[in-house]
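All remarks here apply to the structure that follows.
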Amino acid sequence: MYYDSDADLGVLAGKTIAIIGYGSQGHAQAQNLRDSGLDVVVAQRPGGPNHALAVSHGFQPLSVEEAVKRADVVNILLPDELQADVYRTSIRPHLKPGAVLMASHGFNFHFGQVEPPPGHDILLVAPKGPGHLVRSEYVKGGGVPCLIALGPGASPETKKIGLAYAKGIGGTRGGVIETTIAEETETDLFGEQAVLCGGVSELIKAGYDTLVEAGYQPEMAYFECLHEMKLIVDLFYQGGLEYMRYSVSNTAEYGDYTRGKRIITEETRREMKKILEEIRSGQFARDWILENRGGAAMFKATRRREREHPIGETGRRLRRMMKWIDSKEV
Ligand code: NDP
Ligand code: MG
């Protein structure tokens, strides 16, 4: 693990960092770097709320081309599926000699969608948390832990830049782990597909449907299967599975040990291995890239259909009554 004392912000003194995209990660990283005393320019297309946000934070957003021309370090913080096109048209032709190319997720580097010409190193500094937390933890004096990885053949100087960058966004306050671009990309995709997003969403919906189909009130099903998820996850976060098991009743703990394995079965574990294999072979990346080339029709239709699941309506109604939870509507 690398901490504050392992990183020297001076490595970035006199260098300009371009943050491409003022979204979730962009707005957080740009502000943290600036507050750490570094020279930051922001590229953000005009017309949307993120442009107005950048202006309200005191930046003067540039075009991608203009920001890249000025920068010694270029961090692409656009949605992963757009990075390759923007890279080809607006970044690669304007890179300053020796400029370091960065991202917060390795997808496009690892799957060959963003390949800089010789003389440009690739560097990943990936915060292990959403952008709003990268900002709010930094403001509180803390920081979200980060991963750092170098592209093939990157120089030792680029690693120093990476550690300085991580320090600038607050990452070395939380701790920085060195990894490879392959490991970051593959574990990140696996985590979100099998556990964090795909796995948990399906588990919640299956539990909710089971209770409602058996005639229980949807409100009860919502509280049991979705709302309480956070309370349990908070216990995992603070003290691991053992703290959750210590904190819940013995009855809940007995139910956990005797019933959990009937939900995540050998078949589920086999399927997890298949999902990992599809990530490692590049099949998932090909699917996602092709989906976007075709206008992402299936993706958008699925997003619409998923919103129509009855748990959505039940939840919206209940969350409106829970003033204390800082509820959000999409
Ligand atoms: P967001 O979706 O929050 O931000 C996207 C940015 O790209 C916005 O500034 C947006 O501007 C701009 N943008 C979107 N579409 C276009 C377009 N067609 N042309 C030009 N600009 C466009 O992205 P994230 O911050 O979520 O993700 C950025 C990177 O960070 C990704 O590589 C992601 O994997 C990685 N990452 C994200 C994490 C997260 O918590 N979100 C966590 C760790 C890594 P506009 O507002 O105008 O649309
Ligand atoms: Mg992740």
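We number each residue from 1, following the sequence as shown. When a ligand or atom number is given, it counts from 1 through the structure's own listing order.
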Original post:
Of all the heavy atoms in K128, does at least one lie under 4.0 Å from an atom in ligand 1?
Top reply: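 For ligand 1, residue contact (heavy atoms, under 4.0 Å) with K128 is absent.
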Original post:
Quick one: does P127 get a heavy atom under 4.0 Å from ligand 1?
Top reply: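 A heavy atom of P127 does come that close to ligand 1.
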**OP:** Say whether F299 and I289 are linked into one hydrophobic cluster, either directly or through other cluster members, by side-chain heavy-atom distances under 4.5 angstrom.
**Re:**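 Yes; I289 is reachable from F299 via cluster members.
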Nearest heavy atom to [atom] wins, so pick from [options].
| atom | options | result |
| --- | --- | --- |
| atom 5 (C) of ligand 1 | G21, P79, P49, P61 | P79 |
| atom 27 (O) of ligand 1 | D80, L78, I20 | L78 |
| atom 28 (C) of ligand 1 | L189, L124, L77 | L77 |

For [X], which part has a heavy atom under 4.0 Å from ligand 1: side chain, backbone, both, or neither?
| X | value |
| --- | --- |
| V64 | neither |
| Q83 | side chain |
| A126 | neither |

Subject >> M102 CE to I17 CD1 distance, which is reported to the nearest 0.5 Å >> reply: 8.0 Å
Extract all donor-acceptor atom pairs below 3.5 Å that involve side chains of residues 141-156 and protein atoms in other chains or at least two apart in sequence.
from, atom 1, to, atom 2, distance (Å)
S155, OG, D121, OD2, 3.4
S155, OG, E157, N, 3.4
S155, OG, T158, N, 3.2
S155, OG, T158, OG1, 3.2

Original post:
For E253 and Y257, does a side-chain donor sit closer than 3.5 Å to a side-chain acceptor?
Top reply: yes
Return a table of donor-acceptor pairs under 3.5 angstrom between the side chains of residues 272-283 and protein atoms on other chains or two or more places apart.
from, atom 1, to, atom 2, distance (Å)
S281, OG, E277, O, 3.2
S281, OG, E278, O, 3.3
S281, OG, Q283, N, 3.2

Numbering the atoms of ligand 1 from 1, which are under 4.0 Å from a heavy atom of [X]?
| X | answer |
| --- | --- |
| H105 | 32 (O), 34 (O) |
| L82 | 14 (C), 15 (N), 16 (C), 17 (C), 18 (N) |
| P130 | 40 (O) |

Original post:
Tell me, do Y2 and K159 make a side-chain contact under 4.5 Å, heavy atoms counted?
Top reply: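 Yes, at least one pair of side-chain atoms sits under 4.5 Å.
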Original post:
When E329 is tested against each of R320, R316, R319 for side chain to side chain donor-acceptor pair (under 3.5 Å), which residue passes?
Top reply: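 Of all the options given, the one that passes is R320.
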